[in-house]
Amino acid sequence: MKRLILGSQSPRRKDLLHLAGYDFEVRPSRAEEIMEKTLSPDEAVLYLARFKAEAISLKENEVLLTSDTVVVQDNEILGKPADLQEARNHLKRLSGRTHQVYTGVCISTVEEQKEFFVLTDVTFFPLTDDEIDDYIETGEVWDKAGSYGIQGKGALFVEKIHGDYYSVVGLPLARVVRELKTFGIVGS
Ligand SMILES: Cc1cn([C@H]2C[C@H](O)[C@@H](COP(=O)(O)OP(=O)(O)OP(=O)(O)O)O2)c(=O)[nH]c1=O
């Protein structure tokens with residue numbers, strides 16, 4: 001019997017796996033994420049998803065799921081904001097424009113590893129400085145790539161989205177379910 005392990009401390013990823021009906025154990029990776037500046041966004045999210053997996057030890061019957069999400073504007077990766085100024089800069093750059101959200105996923109067993117990424121385009125309405133400051137006040141920005149959460153008050157900035165909504169939240173759920181099935185993991 002195969003067992004699913006979620007290698008993530010993200011409460012969103014945990015909620016999404018529950019939504020898909022899985023029984024699983026959470027075993028977060030303690031590895032410090034270091035972004036390789038020379039990598040393209042798709043390479044970066046795959047690298048980080050793999051990197052998180054490599055810091056977690058696995059038993060024979062376990063299937064490990066790790067992932068990483070970044071926001072990209074003008075080919076530049078916007079990760080989690082370090083401070084208020086960076087959060088403000090991120091939101092100003094996203095205002096009134098379309099950006100890309102990349103989520104890389106890595107599924108590992110002791111024998112094999114499979115990885116893929118999902119790309120979603122998100123278009124923001126133009127934002128005023130007051131809207132940006134009020135949003136930062138909510139505290140929602142801090143643990144999110146690009147300084148917003150589409151599943152929270154950040155939803156009020158979104159004019160349109162092309163791609164997988166759940167991938168923006170942190171895990172491309174429908175694709176993940178299909179891939180996990182090939183590893184013998186099914187939800188209920
Ligand atoms: C753009 C966007 C990102 N995010 C989140 C998803 C990710 O959790 C986070 C990006 O950081 P990640 O490094 O992908 O994930 P994490 O540090 O939260 O968790 P772990 O590494 O343990 O798996 O930003 C949202 O929740 N909503 C959004 O709209």
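Both backbone and side-chain heavy atoms feed into the values below; hydrogens, waters and symmetry mates do not. Residue numbers run from 1 in the order of the sequence given. Every number for a ligand or one of its atoms is a count from 1 in the order of the listing.
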Practice problem: Report the residue from Ile5, Val110, Ile56 that forms a side-chain contact (heavy atoms from CB on, under 4.5 Å) with Glu62. | Solution: Ile5
Exercise. Report, in ascending order of atom number, the atoms of ligand 1 lying under 4.0 Å from any heavy atom of Thr69.
Key: 10 (C), 14 (O)
Quiz item: When you measure from the centre of the six-membered ring of Phe116, is the NZ or CZ of Arg175 under 6.0 Å away and within 45° of the axis?
Solution: yes
Quiz item: Does Ile150 reach ligand 1 with a nitrogen or oxygen that is under 3.5 Å from one of the ligand's nitrogen or oxygen atoms?
Solution: yes
Self-check item: Non-hydrogen atoms of Thr103 and Ser67 that approach each other most closely
Solution: CG2-CB, 4.4 Å
Quiz item: Using a heavy-atom cut-off of under 4.0 Å, does the side chain or the backbone of Lys144 touch ligand 1, or both, or neither?
Solution: both
Practice problem: Among all protein heavy atoms, pick the one closest to atom 15 (O) of ligand 1 and tell me residue, atom and distance. | Solution: Arg13 NH1, 2.9 Å
Quiz prompt | Polar side chain donor-acceptor pair, Glu112 to Thr109, under 3.5 angstrom | solution = no
Quiz item: Should you measure from each heavy atom of Asp143, which atoms of ligand 1 turn up under 4.0 Å away?
Solution: 9 (C), 24 (O)
Exercise. Say whether Glu140 and Tyr148, considering side chains only, have a donor N or O and an acceptor N or O under 3.5 Å apart.
Key: no
Quiz item: Are Lys160 and Asp121 close enough, and set up right, to give a salt bridge (charged side-chain N to carboxylate O under 4.0 Å, His left out), and what steps lead you there?
Solution: CA-CA 8 Å; Lys160 61 183 176 188; Asp121 286 309; over 6 Å; no
Practice problem: Any chance you could lay out the side chain to side chain donor-acceptor pair (under 3.5 Å) test for Arg13 and Thr69, step after step, and finish with the verdict? | Solution: CA-CA 11 Å; Arg13 294 191 172 120; Thr69 301; 3.0 Å; yes
Self-check item: The one among Gln151, Glu140, Arg12 that brings a heavy atom closest to atom 8 (O) of ligand 1
Solution: Arg12
Quiz item: Does Val71 come within less than 4.0 Å of ligand 1, judged by its heavy atoms?
Solution: yes
Quiz item: So Ser108 and Gln113, side chain to side chain donor-acceptor pair (under 3.5 Å) or not? Walk me through it.
Solution: CA-CA 4 Å; Ser108 317; Gln113 203 163 48; 3.1 Å; yes
Exercise. Show which atoms of ligand 1 fall inside a sub-4.0 Å distance from at least one heavy-atom site of Lys52.
Key: 12 (P), 13 (O), 14 (O), 15 (O), 20 (P), 21 (O), 23 (O)
Quiz item: At what distance is the nearest protein heavy atom to atom 3 (C) of ligand 1, and which residue and atom is it?
Solution: Val168 O, 3.5 Å
Practice problem: Would you kindly specify which portion of Thr66 sits under 4.0 Å from ligand 1, judged on non-hydrogen atoms: side chain, backbone, both or neither? | Solution: neither
Practice problem: Inspect the surroundings of CD in Glu111 and state if more than 12 heavy atoms from other residues, nucleotides or ligands are less than 6.0 Å away. | Solution: yes
Quiz item: Around atom OH of Tyr102, are there more than 12 heavy atoms of other residues, nucleotides or ligands at under 6.0 Å?
Solution: yes
Quiz prompt | Nearest-contact summary for atom 6 (C) of ligand 1 - protein heavy atom, Å | solution = Val169 O, 3.3 Å
Self-check item: N or O contact, Ala145 vs ligand 1, cut-off under 3.5 Å
Solution: yes
Practice problem: Give the residue, atom name and distance (to 0.1 Å) of the protein heavy atom nearest atom 17 (O) of ligand 1. | Solution: Lys80 NZ, 2.4 Å
Quiz item: Going by the order shown, which atoms of ligand 1 are within less than 4.0 Å of some heavy atom of Ser8?
Solution: 19 (O), 20 (P), 22 (O), 23 (O)
Quiz prompt | Which of the ligand 1 atoms, numbered from 1, are nearer than 4.0 Å to a heavy atom of Asp68 | solution = 12 (P), 13 (O), 14 (O)
Exercise. Give the atoms of ligand 1, by number and element, whose distance to some non-hydrogen atom of Gly149 is under 4.0 Å.
Key: 27 (N), 28 (C), 29 (O)
